[in-house]
Amino acid sequence: MLGDWPPFRPLSEIGEADHGKEVAVAGWLEDVRDLGGIAFLILRQREGTLQVTVKSDQSAEVRALTGVSRESVVALRGTVQANEKVRNGFEIIPEAYEVLSEAAKPLPLGVVDKVGAAMDTRLDNRFLDLRKEEVRAVFHLKSHVGSALREYMTSKGFVETHTPKVISAGAEGGATLFRVDYFEKPAYLAQSPQLYKQILMATGLDRIYELAPAFRAELSDTVRHIAEFLSFDAEMAYIRSQEEVLQVLEGAVAYTLAFLQDHASEQLALLNLDLAVPDVPVPRVTYQRAREVLAGEGIEVPDGEDLDTGAEKALGEAMAREGHDLFFVVEYPSAIKPFYIMVKDDDPEFSHSFDLEYRGDEMASGGQREHRVDRIETRMRRQGLDPGDFEFYLKAFRYGMPPHGGWGFGLDRFVWKVAGLGNVREAILFPRDRGRLIP
RNA sequence: GCCCCGAUAGUGUAGCGGCCGAUCAUUCAGGCCUGUCGAGCCUGGGACUCGGGUUCAAAUCCCGGUCGGGGCGCCA
């Protein structure tokens with residue numbers, strides 16, 4: 001139907017050279033402002049809007065454009081006319097148009113209406129929600145975060161890997177696994193690439209990272225939990241201590257924040273965000289030191305217990321007052337960490353483990369891994385796991401496994417914090433939670 | 001899983017025993033308007049989550065269901 005039309009011109013490529021000439025454009029009809037003898041139509045493309053002006057002296061066919069429903073996709077041909085009164089500096093006087101896809105009425109969610117919408121309504125109609133520039137900006141940021149992490153990790157000699165997401169055993173026990181049918185055998189969606197990352201440490205492909213979904217069937221209804229999330233994982237071998245892992249991770253985060261300033265200034269401005277790039281190294285706060293800081297805030301954390309949500313927030317606030325919105329908590333009690341975390345030789349109550357905190361929430365956790373198979377098996381048994389279920393994993397430790405460490409970093413959570421959103425779901429195109437599988 | 005809160009036109013809300021024949025905005029329909037850009041103005045249409053109960057009377061109070069929001073635990 002448009003076979004004889006010239007190619008559609010994007011808004012950003014229409015310039016002074018086009019003034020007085022005919023162009024073809026297409027987009028969503030955002031708004032029609034009909035003043036009677038003159039009507040202004042706002043056509044929206046991915047990069048912005050342009051104005052189409054229809055006057056009463058134009059043909060009835062062209063004037064019918066003002067009757068097309070909002071958010072319909074229309075194509076039109078017309079003359080670019082310079083006009084200082086228009087924000088873009090030009091308007092288009094249409095000569096012909098076609099409705100390529102008519103929008104039904106009324107819209108289930110207004111794109112430019114001056115009323116709000118509940119998150120549920122927005123997610124139910126995500127395709128319309130995403131027509132809003134500020135909603136899309138979050139995903140531009142997210143894309144840039146991925147680019148920055150890939151760039152940084154590559155520069156540090158890491159290889160991007162892709163481990164399976166359908167697996168036979170989980171890293172953290174069974175309660176949070178999604179079960180699936182795998183050719184009539186039970187299988188699970190991967191809650192973490194943990195075991196596979198570690199197997200790779202025995203291969204020489206031993207400085208790796210991955211950006212991939214992880215699945216957790218946690219019964220958590222919070223603004224920071226989601227059943228399917230994007231995890232930025234890394235694992236590195238031949239380390240002498242956890243410190244080498246921390247340096248890569250803090251470097252990656254600092255690099256990413258700087259990258260956003262350089263490459264996403266438009267989105268940062270649109271979302272009114274002011275990002276600070278932290279100086280590295282960022283503070284390493286030991287678990288015991290964190291307890292002392294919290295005691296000073298009037299919060300008692302029983303020795304050996306994990307920091308609860310309130311304690312974590314309070315610690316974040318205390319650190320923020322000292323100018324640190326990014327910091328590590330290190331050396332957690334061994335008892336609250338998974339079997340693969342290395343216990344400190346000189347102080348077995350504590351472990352070579354860490355969390356990365358950003359703006360009051362946990363972004364990552366990691367540590368040095370236990371690479372001695374007998375110790376892993378002992379820890380597994382203590383945690384009620386059967387080493388027999390993990391033989392595919394343990395086998396990689398029986399024939400030469402270098403010392404190694406790594407982390408898992410929640411990419412959606414990071415974007416959630418960076419973009420200053422109220423709910424991590426807003427940082428995910430089509431979030432999956434306990435109550436939502438559609439769309 | 002536990003706790004708290006909520007559910008009113010397409011959307012976002014006000015009302016919280018009789019004044020509700022339900023408010024306002026937006027949207028939708030129709031009309032006026034030749035420089036709008038959150039266009040303006042006029043007219044009109046459109047809703048009390050479901051099931052029980054209390055009461056002379058229920059959008060409003062009670063019980064249960066469903067759905068949603070937030071918090072906790074846990075975590076990325």
Side-chain angles (χ1 to χ4, degrees), chain A residues 30-44 48-58 63 66-67 69-71 81 83-88 91 103-125 128-129 171-173 175-176 191-194 211-233 305-313 336-338 355-358 361-366 407-417 422-425 427-428 433-436:
Chain A
E30 180 172 290
D31 194 16
V32 176
R33 290 192 277 267
D34 189 349
L35 276 62
I38 190 168
F40 304 102
L41 287 71
I42 307 303
L43 195 70
R44 188 184 63 250
T49 60
L50 57 85
Q51 177 166 299
V52 178
T53 304
V54 179
K55 292 187 179 177
S56 55
D57 57 6
Q58 286 173 273
R63 279 184 285 137
T66 62
S69 60
R70 299 195 308 161
E71 296 302 323
Q81 188 169 294
N83 190 335
E84 289 179 354
K85 291 184 226 167
V86 185
R87 282 179 185 163
N88 292 340
E91 59 194 344
K105 295 181 290 198
L107 299 167
L109 173 72
V111 177
V112 290
D113 294 0
K114 41 185 164 178
V115 291
M119 192 170 64
D120 206 40
T121 306
R122 293 178 49 202
L123 293 177
D124 280 343
N125 301 283
L128 280 172
D129 189 44
E172 338 275 342
T176 67
Q191 59 192 179
S192 153
Q194 185 61 34
L211 289 165
F215 305 88
R216 296 201 186 163
E218 283 172 347
L219 303 177
S220 301
D221 290 316
T222 80
V223 294
R224 64 191 179 284
H225 283 88
I226 208 81
E228 176 180 355
F229 64 94
L230 190 58
S231 187
F232 164 47
D233 279 84
E305 285 192 17
D306 206 351
L307 308 181
D308 63 24
T309 305
E312 192 178 331
K313 291 262 182 273
I336 60 171
K337 286 291 167 183
D355 280 0
L356 180 68
E357 299 282 327
Y358 181 54
D361 275 281
E362 186 177 331
M363 291 297 116
S365 68
W407 70 77
F409 175 97
L411 195 48
D412 316 290
R413 274 194 185 179
F414 183 62
V415 173
W416 164 54
K417 283 288 163 182
N423 192 312
V424 70
R425 286 159 182 75
I428 298 170
D433 62 33
R434 265 222 275 181
R436 184 175 287 279

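Values below: every heavy atom of this structure, side chains too, minus hydrogens, waters and symmetry copies. In what follows, chains carry the letters A, B, and so on, assigned in the order in which the sequence lines appear, proteins first and then strands, with residues in each chain numbered from 1.
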Asker: Between P on B:C33 and NZ on A:Lys55, what's the gap in Å once rounded to a whole number?
Answerer: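 Atom NZ in A:Lys55 sits about 17 Å away from atom P in B:C33.
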Asker: Taking the side chain as every heavy atom from C-beta outward, state whether A:Thr53 and A:Ile38 have any atom pair closer than 4.5 Å.
Answerer: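 Side-chain contact under 4.5 Å: yes.
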Asker: Base, sugar-phosphate or nothing for A:Ile42? Non-hydrogen atoms, less than 4.0 Å.
Answerer: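 No contact.
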Asker: Select base, sugar-phosphate, or nothing to describe what A:Glu91 touches, counting heavy atoms under 4.0 Å on all strands.
Answerer: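 Answer is base: heavy atoms of A:Glu91 come under 4.0 Å of a base.
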Asker: Using atom names, set out every protein N or O paired with an N or O of nucleotides 22-27 of chain B below 3.5 Å, distance rounded to 0.1 Å.
Answerer:
{"from": "B:U26", "atom 1": "O2'", "to": "A:Asp113", "atom 2": "OD2", "distance (Å)": "3.4"}
{"from": "B:U27", "atom 1": "O3'", "to": "A:Arg70", "atom 2": "NH2", "distance (Å)": "3.3"}

Asker: Scan every strand shown for a Watson-Crick or G-U wobble partner of B:G12, both distances under 3.5 Å, and answer none if you come up empty.
Answerer: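 When the pairing criteria are applied, B:C24 turns out to be the nucleotide that pairs with B:G12.
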Asker: Distances for protein N/O vs nucleotides 71-75 of chain B N/O pairs under 3.5 angstrom?
Answerer:
{"from": "B:G73", "atom 1": "OP2", "to": "A:Thr309", "atom 2": "N", "distance (Å)": "3.4"}
{"from": "B:G73", "atom 1": "OP2", "to": "A:Thr309", "atom 2": "OG1", "distance (Å)": "2.4"}
{"from": "B:G73", "atom 1": "N1", "to": "A:Leu219", "atom 2": "O", "distance (Å)": "3.4"}
{"from": "B:G73", "atom 1": "N2", "to": "A:Leu219", "atom 2": "O", "distance (Å)": "2.9"}
{"from": "B:C74", "atom 1": "O2", "to": "A:Ser220", "atom 2": "OG", "distance (Å)": "3.3"}
{"from": "B:C74", "atom 1": "O2", "to": "A:His225", "atom 2": "NE2", "distance (Å)": "3.1"}
{"from": "B:C74", "atom 1": "N3", "to": "A:His225", "atom 2": "NE2", "distance (Å)": "3.3"}
{"from": "B:C74", "atom 1": "N4", "to": "A:Arg224", "atom 2": "NH2", "distance (Å)": "2.3"}
{"from": "B:C74", "atom 1": "N4", "to": "A:Thr309", "atom 2": "OG1", "distance (Å)": "3.3"}
{"from": "B:C75", "atom 1": "OP2", "to": "A:Asp306", "atom 2": "OD2", "distance (Å)": "3.4"}
{"from": "B:C75", "atom 1": "O3'", "to": "A:Arg216", "atom 2": "NH1", "distance (Å)": "3.2"}
{"from": "B:C75", "atom 1": "O2'", "to": "A:Arg216", "atom 2": "NH1", "distance (Å)": "3.1"}
{"from": "B:C75", "atom 1": "O2", "to": "A:His225", "atom 2": "NE2", "distance (Å)": "2.9"}
{"from": "B:C75", "atom 1": "O2", "to": "A:Arg413", "atom 2": "NH1", "distance (Å)": "3.1"}
{"from": "B:C75", "atom 1": "O2", "to": "A:Arg413", "atom 2": "NH2", "distance (Å)": "2.2"}
{"from": "B:C75", "atom 1": "N4", "to": "A:Glu312", "atom 2": "OE1", "distance (Å)": "3.2"}

Asker: Report the residue from A:Asp221, A:Asp433, A:Asp412, A:Asp120 that forms a salt bridge (Lys or Arg N to Asp or Glu O under 4.0 Å) with A:Arg425.
Answerer: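 The salt bridge (Lys or Arg N to Asp or Glu O under 4.0 Å) with A:Arg425 is passed solely by A:Asp433 among A:Asp221, A:Asp433, A:Asp412, A:Asp120.
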Asker: If pairing requires Watson-Crick or G-U wobble contacts with both distances under 3.5 Å, which nucleotide is the partner of B:G17?
Answerer: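 Checking every strand shown, B:G17 finds no partner, since no pair has both distances under 3.5 Å.
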Asker: Distance check needed: B:G12 P versus A:Asp129 CG, whole Å only.
Answerer: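 Spelled out: CG on A:Asp129 to P on B:G12 is 11 Å.
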Asker: Expressed as a whole number of angstroms, how long is the span from A:Arg87:CZ to B:G35:C1'?
Answerer: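 Rounding to the nearest Å, CZ of A:Arg87 and C1' of B:G35 are 13 Å apart.
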Asker: Paired with B:G51 by Watson-Crick or G-U wobble geometry, both distances under 3.5 Å: which nucleotide is it?
Answerer: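 Looking at the geometry, B:G51 pairs with B:C63.
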Asker: Just call it for A:Arg434: base, sugar-phosphate, or nothing, with non-hydrogen atoms closer than 4.0 Å on any strand.
Answerer: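 Base contact.
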Asker: Write down the distance between CG (A:Asp31) and C1' (B:U36), rounded to a whole number of angstrom.
Answerer: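 These atoms are roughly 10 Å apart.
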Asker: Per the side chain to side chain contact (heavy atoms under 4.5 Å, CB included) rule, which among A:Val86, A:Leu41, A:Asn83 passes with A:Gln51?
Answerer: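 It is A:Val86, the one option of A:Val86, A:Leu41, A:Asn83 that forms the side chain to side chain contact (heavy atoms under 4.5 Å, CB included) with A:Gln51.
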Asker: Which whole-number value in Å describes the distance from A:Glu30 CD to B:U36 P?
Answerer: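 The distance from CD of A:Glu30 to P of B:U36 comes to 18 Å, rounded to the nearest Å.
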Asker: Using salt bridge (charged side-chain N to carboxylate O under 4.0 Å, His left out), reason through A:Arg44 and A:Asp31 one step at a time and then give a plain yes or no.
Answerer: CA-CA 9 Å; A:Arg44 188 184 63 250; A:Asp31 194 16; over 6 Å; no
Asker: To the nearest Å, give me how far apart CD1 (A:Ile38) and C1' (B:G35) are.
Answerer: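 My rounded result for the distance is 5 Å.
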Asker: Using a heavy-atom cut-off of under 4.0 Å over every strand shown, decide if A:Ala39 touches base, sugar-phosphate, or nothing.
Answerer: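 Nothing: the residue A:Ala39, judged by heavy atoms under 4.0 Å, touches no strand.
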Asker: When you measure from the side chain of A:Leu35, which nucleotide among B:C37, B:U34, B:A76 comes out closest?
Answerer: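 Side chain of A:Leu35 sits closest to B:U34.
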Asker: Counting only Watson-Crick pairs (N1-N3 plus N6-O4 or O6-N4) and G-U wobbles (N1-O2, O6-N3), all under 3.5 Å, who is the partner of B:G40?
Answerer: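 Answer to the pairing question: B:C32, which forms a Watson-Crick or G-U pair with B:G40.
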Asker: Tell which nucleotide pairs with B:C74, taking only Watson-Crick or G-U wobble pairs whose two distances are both under 3.5 angstrom.
Answerer: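 Checking every strand shown, B:C74 finds no partner, since no pair has both distances under 3.5 Å.
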Asker: For A:Ser56, report the nucleic acid contact type (base, sugar-phosphate, nothing); a contact means any heavy atom under 4.0 Å.
Answerer: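 Touches a base.
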Asker: Check this one for me: any side-chain N or O of A:Asn125 less than 4.0 Å away from OP1 or OP2 of B:U11?
Answerer: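 No, outside the criterion.
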Asker: What is the distance, to the nearest angstrom, from the CZ atom on A:Arg33 to the P atom on B:A39?
Answerer: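 Taking atom P of B:A39 as the reference, CZ of A:Arg33 is at 5 Å.
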Asker: Would you say A:Arg224's side chain and A:Arg413's backbone share a donor-acceptor pair under 3.5 angstrom?
Answerer: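 No, because the side chain of A:Arg224 does not come within donor-acceptor range (under 3.5 Å) of the backbone of A:Arg413.
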Asker: Where do N or O atoms of nucleotides 44-46 of chain B meet protein N or O atoms at under 3.5 Å, pair by pair?
Answerer:
none

Asker: Could you check whether A:Phe409 gets within reach of a base, just the sugar-phosphate, or nothing at all, counting any heavy atom under 4.0 Å?
Answerer: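 Since no nucleic acid heavy atom lies under 4.0 Å of A:Phe409, the category is nothing.
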Asker: Taking any heavy-atom pair under 4.0 Å as a contact, classify A:Gly116: base, sugar-phosphate, or nothing.
Answerer: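 Sugar-phosphate, backbone atoms only, no base.
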Asker: A side-chain contact here means heavy atoms from C-beta on lying under 4.5 Å apart; do A:Arg70 and A:Val112 qualify?
Answerer: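 Heavy-atom side-chain distance check passes, below 4.5 Å.
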Asker: Roughly, in whole Å, what's the span from CD in A:Gln191 to P in B:A76?
Answerer: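 It works out to 10 Å between those atoms.
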Asker: Between A:Asp361 and A:Trp416, is any pair of side-chain heavy atoms under 4.5 Å apart?
Answerer: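 Yes; the side chains approach each other to less than 4.5 Å.
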Asker: Excluding sequence neighbours, so at least two apart, what forms side-chain hydrogen bond (donor to acceptor under 3.5 Å, both in side chains) with A:Asn88?
Answerer: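 Partners of A:Asn88 by the side-chain hydrogen bond (donor to acceptor under 3.5 Å, both in side chains) criterion come out as none, since no residue qualifies.
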Asker: How far does the P atom of B:U13 sit from the matching atom of B:U26, given to the nearest Å?
Answerer: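 Going atom to atom, P in each nucleotide, I get 16 Å.
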Asker: When you compare the protein's N or O atoms with those of nucleotides 29-32 of chain B, which come within less than 3.5 Å of each other, and at what distance?
Answerer:
{"from": "B:A29", "atom 1": "OP1", "to": "A:Lys105", "atom 2": "NZ", "distance (Å)": "2.3"}

Asker: With sequence neighbours left out, write down each residue that passes salt bridge (Lys or Arg N to Asp or Glu O under 4.0 Å) with A:Asp129, or none if nothing qualifies.
Answerer: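 So A:Asp129 forms a salt bridge (Lys or Arg N to Asp or Glu O under 4.0 Å) with A:Arg122, A:Arg126, A:Lys132.
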